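Scroll down for the structure; my scribbles are underneath it.
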Amino acid sequence: MSKRYSALTLLREGLRGHRGWAPAWHMPDPKPRYDVIVIGGGGHGLATAYYLAKNHGVTNVAVLEKGWLGGGNTGRNTTVIRSNYYYPASTALYDLSVRLYETLSRELNFNIMFSQRGMLVLAHSEPEMEMAARQVNAMQLNGTDAELLNADQVRKRAPLLNFAPDARYPIHGATWQGRAGTARHDAVAWGLARGADQLGVDIIQNCEVTDVITEAGRAVGVATTRGEVRADRIGAAVAGHSSVLAKLAGYTLPIQSYALQAFVSEPLKPVIDTVAFSPAYGTYFSQSDKGGLVIGGGLDRIPSYGQRGNLPVQEDVLGGLIEMAPMLAKVKLLRHWAGIVDVTPDSSPIIGPSEVEGLYVNCGWGTGGFKAIPAGGYLFAHLLATGAHHEISRPFDKARFAGGHLIDEGAASGIAH
Amino acid sequence: MTGRRTESGGLIDRGTTLRFRFDGRAYTGHPGDTLASALLANGVRVLGRSFKYHRPRGVWGAWFDDPNAIFDVALEGNEIPNCPATTTPLVEGMEARVVNAWPSARRDVKGGLDLLHRWLGAGFYYKTFIWPDWHLFEPSIRRMAGLGALDGKEIPDYVADQIHDACDLLVVGGGAAGLAAARAAAEAGQDVVLVEDHPELGGGLYRSGESVEGKARAEWVTEQGATIAKNGGRILTGTTAFGVYDHGLVGLATERGFARAPRLTRMRARRVVMATGALDRPMTFADNDRPGVMSLQAAAEYLTRYGVLVGRRIAVLSNNSAGEAAIEALRAAGAEVTEADPGAGPIRALGGKRLSGVRMGEKRLECDTLLVSSGLTPVVHLWRHAGGKLDWSDEKSAFVPGAAPQGMMAIGAANGTFDLEPALAEARAAALGKPAAPTGNSYSIRPLWPEPGTKGRQWIDFQHDVTLKDVELAARENYISVEHLKRYTTLGMAGDQGKTSNMAGLAAMAAIQGKPIPEVGTTTFRPPFVPVPLELYHGARRGQLLNPLKRLVLEPQHRQAGAALGEYGGWLRPGWYGPKPADQAVRDEVLMARKTAGIFDGSPLGKIEVMGPDAEAFVNFIYYNTIATLQPGHIRYGFMLTESGAIYDDGVIARLGPERFVISCSSAHVDGVEAMLESWRQDGNDPDRLFVHDATQHWATVTVTGPKAREIVGALGLPLDLTRAAFPHMTLRESDFAGSPLRVARVSFTGDVSFELSLRATKAADLWTALIDAGAQHDAGPIGIEALSVLRAEKGFIVVGKDTDGETMPQDLGFGIPRLKKKSAFVGDRGLHTEAANDPNRRQLVGLTAPEGSPTLPTGAHLVTGDRPRSEGIITSSYFSPTLDRPIALALLERGAARQGETVTVWHMGQVRTATVAPPCALDPEGGRLDA
Amino acid sequence: MRDDSRKWDAPPDDSQPLTGMGMTVARVWPTRQLLISAPDVLARMPGAGWPDVVTGAPYTLCLRRDRVLEVDGPAREEGWDGVQAVTDVSDAYAVFRIEGPQALALCRRGTEVSLARPSRSVARQMFGLSAFLYPWENEERFCLHVPRAHAQALWQMLAAHMGQMQRSA
Amino acid sequence: MQLFPCPFCGPRDEREFHFAAEAGKTRPDTTGAVSEADWAAYLYDRRNDKGRVREVWMHLPCREVFVMERDSVSMEVLGTTAFRKAGA
């Protein structure tokens with residue numbers, strides 16, 4: 001069996017009809033008891049299991065997924081990875097993620113295609129340039145890479161953008177993070193699943209949690225469509241359904257669910273080599289390795305659990321895209337879809353204990369869960385293994401709301417993240 | 001050369017010849033042709049290359065189900081990438097080029113990639129390119145990938161037309177069932193819209209037999225169309241229903257010609273009848289992707305719609321009864337047709353770019369064209385968009401519409417009703433909202449699905465080069481859920497979005513797992529049904545009409561005065577006046593305002609009236625500051641907070657009478673403040689005792705500010721005593737100017753004596769002119785918002801959103817008293833007492849001075865501390881003060897209020913310098929100028 | 001600092017109507033518009049809703065549950081008089097008249113509206129702007145009020161859509 | 001593009017509406033002591049039900065504040081009530 005991926009094994013397997021490849025993961029039945037249960041087989045849940053095993057030696061772990069691995073927001077996003085945030089706490093979190101992503105392909109022996117092609121956040125006026133300067137300075141001070149670009153420097157990186165001075169929002173410059181980029185979203189889930197599986201984690205698909213079992217106020221296990229499973233600690237990483245699980249278990253969250261749409265065009269030969277985001281137009285895009293333009297924008301304005309989008313936001317986002325890069329008007333849209341995202345009052349995630357003892361939550365990533373997968377898993381694993389926060393996750397505890405310590409990136413930087 | 005044009009038949013106009021080129025060679029066709037039909041008529045067989053292996057490809061389908069023939073097409077200098085040849089109507093002069101192949105589809109230099117196929121199977125890229133680094137490989141992979149090339153040019157006037165529409169019944173599909181349904185509904189008096197994506201009505205009818213209800217096909221179609229129209233029904237041809245959205249909204253895209261943007265109709269339909277027909281399924285066998293292997297139904301379509309006979313010696317492999325009419329028609333057109341049994345043993349297509357035959361088990365059949373059908377798949381995309389369920393039909397070997405989404409019915413082939421008569425009956429019943437009585441079914445099919453483990457390369461997804469072996473590999477590696485299968489192999493993700501591949505992929509996975517197909521699942525179909533230009537979503541809301549600016553009533557006067565206009569808070573406003581360079585103009589305006597006076601158009605400032613018996617209590621609740629004690633004729637500065645205690649807006653509120661207030665919020669916040677006031681009014685207050693009227697745009701406001709302001713306003717000769725004693729700072733007087741009510745307020749955003757004069761907008765030009773004329777007597781003149789920004793910064797006055805961020809609370813700006821003293825409830829009160837609000841290290845507003853002779857501090861710079869610099873503040877506003885002849889700045893700094901005189905480090909783009917903490921107010925801290 | 005005075009079109013001459021497709025769009029200038037709010041205002045002056053056809057002057061438009069806009073009515077004391085709150089907004093709304101067989105079709109480009117779907121209020125969003133829309137004298141003539149500062153945006157938007165209609169015809 | 005029925009105006013395009021909050025929350029009396037936890041629960045916590053929800057919306061053109069019951073999965077609107085009548 002070929003377990004290890006490399007050009008050599010590929011060569012060998014090619015010669016023998018690829019019959020020797022080991023399964024990427026097993027399909028175990030749930031055991032009655034684990035040290036840790038991770039609810040949710042998306043990126044964060046899988047990363048949590050992976051780091052539990054790898055960093056903490058906790059391998060008696062089950063990941064319970066109600067559908068298929070990576071079937072939630074992990075497989076429905078626009079694949080952008082970046083750490084261009086304003087507050088030190090955010091930068092620490094997201095930059096940890098970027099650093100982990102940088103080595104993840106090798107570590108997992110699975111090519112997640114992290115392409116550090118850089119990201120432009122366009123500034124369209126002098127006040128926006130001042131805000132961009134504030135942002136770039138903050139990022140540099142917080143220890144991540146950032147540059148303030150003028151219009152000519154933006155043009156060099158993305159010549160297809162609209163540089164006309166009479167554009168609705170003319171380009172004055174941009175913030176640039178060179179280490180930002182994109183990755184193949186499904187591969188992140190699969191690579192982590194395979195990695196966790198190889199370390200002994202049970203990844204159990206089609207296993208929906210139907211109830212949380214508590215004894216003396218403490219969560220001791222879950223009831224699932226495939227039987228009861230117990231554990232010392234339970235972690236929930238179920239973005240999109242965080243409130244549903246909270247209701248089952250009896251804790252509360254400051255989360256509202258919204259649909260976030262994404263779009264992909266027909267494949268084109270390369271037209272843009274970076275990720276370009278215009279807050280003014282409310283649109284960002286990049287080009288996948290396959291050639292499709294991957295386009296995203298703001299949330300639908302109606303709270304929703306329906307995994308589908310609505311025309312008004314499509315008109316806003318795609319209309320904005322064309323204003324941003326008029327030559328794309330004639331390019332055809334291939335497909336659009338929506339994920340359900342957890343939106344918190346400050347657009348920052350929640351990592352920490354829930355009000356139910358023994359049950360911990362990783363949620364509230366809003367539109368930015370994908371970029372945070374390795375860090376979210378890394379920190380959540382720390383929490384589940386030790387029962388205590390890692391320094392980086394501490395500011396993201398739900399307790400911040402009562403204390404007024406919100407980490408409101410949108411308000412701070414003028415950019416809705 | 002195998003295909004040819006027939007002598008007669010089809011919907012094309014043989015009397016007119018159209019010239020076009022493909023891959024550099026000249027061809028001809030006729031109106032009514034698509035690029036694909038015209039090329040087939042010219043005997044061209046290789047119309048494309050596959051995405052990965054660059055295999056030569058012919059066409060599979062005749063309409064939106066073709067995954068193979070994709071061209072970049074230019075016409076009269078306009079080029080559009082990725083045009084499907086099968087749906088692009090031929091136009092004289094078209095220049096088509098195959099995508100992703102060079103120099104031509106026929107001779108593609110990358111054709112050799114196919115030799116490497118055994119290493120380029122599903123997901124190979126996940127298993128390699130890891131060492132040394134993905135970035136090394138990615139650029140060349142990107143260049144290899146992609147289909148069409150964007151020429152980088154915009155098409156002139158490429159603007160989508162966008163409209164709203166509504167109807168009782170939307171019938172999607174103008175085939176026999178759709179026509180019958182639309183006619184029956186129209187005759188029953190319903191407001192019917194029928195959409196058909198072909199340029200002509202008739203759908204699949206042309207290929208399905210000679211007559212309908214005793215009439216020739218064309219005659220029947222014409223009659224239905226005419227009757228629909230006569231009864232008030234509307235028919236939209238060239239129109240695709242591309243998506244079904246919530247609450248009965250269907251997106252329609254209407255073609256308007258090559259290089260013209262389509263029309264978007266947002267159609268609100270009470271009911272939708274889906275008559276979208278069914279598609280022929282490819283058959284999975286070795287080398288089933290060879291040019292010349294084609295859908296049987298498509299071949300009939302080429303013949304009957306386009307007058308093209310796709311082959312001379314035709315072999316047919318079909319497992320179902322639906323193709324009988326097609327075979328008959330092909331024979332009648334002169335083809336030699338041999339029907340073969342697809343179950344007779346392993347099948348393999350023979351030949352390369354030119355098909356030479358087909359082998360079935362031991363048997364070999366010579367042919368130039370192999371027409372296949374492994375059954376009909378109802379086109380149920382819209383059904384799924386709307387949330388409808390699908391049921392598996394064993395009888396039809398297909399998914400057919402099951403539980404219906406609200407307001408939707410499926411009829412005809414889309415509903416699995418493949419026979420004409422029952423389809424018509426079903427259609428007529430559906431028109432009236434009724435289900436049809438069940439009828440017999442003549443369609444017979446012998447299940448024929450991919451057989452895992454069989455030999456040869458058997459294509460499942462043609463464009464994306466996904467073969468049966470790839471599905472087997474995915475299964476072996478446990479990518480067995482349908483979505484994993486799709487994503488791992490890219491099956492169904494190509495331009496046709498799985499129209500030809502989903503069923504085969506599903507069936508292959510089912511067979512591998514030994515499960516029935518419905519247990520493996522269905523896949524979700526997502527809009528758009530076919531790719532549509534991005535422009536469809538764009539339309540007239542572009543350029544100036546995207547988030548259009550608000551315009552000042554005095555804009556003509558400002559333009560005449562040479563104003564430089566710019567966008568400020570959603571308004572187009574004068575930044576400065578005159579031809580001088582901006583910096584100089586602004587400096588001169590500041591100096592003028594300080595020396596004599598500046599005249600400023602402040603019209604966008606809010607004027608929201610709050611009236612009624614509960615008005616006083618209400619504004620007292622809305623404001624951070626105590627407003628209840630404000631006397632009529634007086635004005636107070638105050639903050640509105642969010643419930644978390646952060647500053648949302650600042651401004652003044654004036655009391656006009658006991659039960660009447662005017663809120664002058666900041667220009668950009670008028671709509672937001674008004675909505676916020678209405679929310680609180682209706683939530684927790686008695687809306688019968690409290691009314692909010694936004695009168696902002698009734699008024700124009702001209703502010704005169706500066707030492708000569710009193711003289712200049714005095715020159716208007718208002719019936720008003722302007723003396724300091726009679727009209728003190730922070731009071732308001734109602735007066736009259738040229739017969740119109742005039743409000744004069746003494747408020748100041750500059751620290752100098754100021755009068756804010758508000759008059760109804762249509763009279764404002766007279767006021768402006770009078771003030772400018774009066775000002776001229778004192779060497780005073782207009783000032784723009786840039787000068788005002790400097791003037792207010794000299795005084796340490798903030799601009800919310802610039803000098804505050806989402807965390808700033810009033811106590812951070814030195815307005816701490818209401819927080820501690822105000823007894824009654826107000827918005828944000830509790831938020832001002834959280835742990836964070838009480839943090840001694842909060843960032844507070846300060847001024848900064850730069851060392852003698854140093855340049856202006858950069859806005860956006862941070863104030864830092866420590867060896868590994870940590871941000872402890874930000875510079876929010878920074879200007880060179882012409883009045884003080886030195887740089888000034890405002891900043892938010894941790895514990896700033898207590899750090900006056902301290903030297904701080906300013907950090908900007910890696911460079912450091914120093915500044916000294918100062919009070920925010922740099923000019924006239926005693927306020928002497930205000931009442932001068 | 002940039003001078004965008006040339007980027008943004010100067011205010012158009014709206015003294016001349018826009019014409020095309022058998023339509024005219026003209027700016028009109030009512031002498032008075034008053035907001036009148038009161039708990040019982042609709043009982044006293046019900047006001048036109050959509051698609052009530054308004055004729056003659058003065059007339060009132062129903063805006064909200066407790067608010068009307070009185071057009072070309074008598075002068076009234078502003079403020080709260082114990083019964084109703086009155087504010088003069090004569091110059092707060094620019095008023096346009098759209099006439100012709102295609103008038104409704106033009107309006108429909110800006111909003112999902114139909115004569116078959118009545119509404120108590122004439123207030124709606126059109127072309128992304130706040131608007132009051134109602135038939136004037138007959139069902140081929142419509143009156144449209146928008147916030148004055150958006151008059152130019154509406155004018156340009158209507159001109160753009162009339163152009164689209166012409167090109168599509 | 002959804003259609004929401006404003007209790008006053010009737011059905012209108014979703015773009016005319018603004019989602020305000022979940023229904024059923026009452027602002028604590030802030031003239032008395034309100035604990036940090038209670039305040040945070042009022043201000044931030046959400047039921048965020050999947051399925052039937054009761055929410056406060058504003059119809060922007062007529063500024064009607066109302067309670068809408070709808071299904072957060074199917075997007076079906078189950079009913080609306082003027083806020084002043086709903087008393088939520």
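Nothing here was measured: the structure is a model prediction, and the numbers come from that model. Letters A, B, ... are given to chains in the order of the sequence lines, protein chains preceding strands, and every chain is numbered from 1. Just the heavy atoms: all of them, side chains too, but no hydrogens, waters or symmetry mates, feed the values below.
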Q.
Contact between A:H185 and B:R487 at the side-chain level, heavy atoms closer than 4.5 Å - yes or no?
A. yes
**Q.** Spacing of CG belonging to A:L108 relative to CD1 belonging to B:I130, to within rounding of 0.5 Å
**A.** 9.0 Å
Q. Say you draw a straight line from CG of A:L318 to CD of B:E535; how long is it, rounded to the nearest 0.5 Å?
A. 10.5 Å
Q: Heavy-atom pairs under 4.5 Å with chain B are the metric here; pick the option from A:L8, A:N310, A:L69 that has the most.
A: A:L69
Q.
Using the ring centroid of each side chain, check whether B:W134 and A:F114 are separated by less than 6.0 Å.
A. no
Q.
Donor-acceptor pair, distance only, cut-off 3.5 Å: does the side chain of B:W119 make one with the backbone of A:L11?
A. yes
**Q.** Donor-acceptor pair between A:R308 and B:Y245 side chains, under 3.5 angstrom
**A.** no
**Q.** Side-chain touch A:L333/B:P531, heavy atoms, less than 4.5 angstrom
**A.** no
Q. Can B:E807 and A:Y87 be counted as having a side-chain donor-acceptor contact under 3.5 angstrom?
A. yes
Q | Max heavy-atom pair count under 4.5 Å with chain B, selected residue of A:Q314, A:H18, A:M113, A:M327 | A | A:M113
(Q) For A:D316 and B:Y537, which I'm curious about, is there any donor-acceptor pair between the side chains at under 3.5 Å? (A) no
Q: With a 4.5 angstrom heavy-atom cut-off, could you sort out which part of B:P132 is near chain A: side chain, backbone, both or neither?
A: backbone
Q. Would you call B:R541 and A:E315 a salt bridge, taking side-chain N to carboxylate O under 4.0 Å as the test?
A. no
Q: Using modelled atom types only, decide if a donor and an acceptor are shared between the side chain of A:R168 and the backbone of B:Q544 within a distance under 3.5 Å.
A: no
Q: Answer yes if the side chains of B:H908 and A:N137 hold a donor-acceptor pair under 3.5 Å, and no otherwise.
A: yes
Q) So do the side chains of B:N78 and A:K330 get within less than 4.5 Å of each other, counting heavy atoms only? A) no
Q. Is any side-chain heavy atom of A:H405 closer than 4.5 Å to a side-chain heavy atom of B:T834?
A. no
(Q) Less than 4.5 Å to any heavy atom of chain B: does that hold for the side chain of A:D273, its backbone, both, or neither? (A) both
Q | Atom group of A:R106 that falls short of 4.5 Å from chain B, counting heavy atoms | A | both
Q | Side-chain donor-acceptor contact under 3.5 Å, A:E323 with B:H538 | A | yes
Q: Check step by step if salt bridge (charged side-chain N to carboxylate O under 4.0 Å, His left out) holds for B:D72 and A:K269.
A: CA-CA 12 Å; B:D72 288 343; A:K269 292 296 175 189; over 6 Å; no
Q | Carboxylate-amine/guanidinium contact A:E13 B:R118, below 4.0 Å | A | no
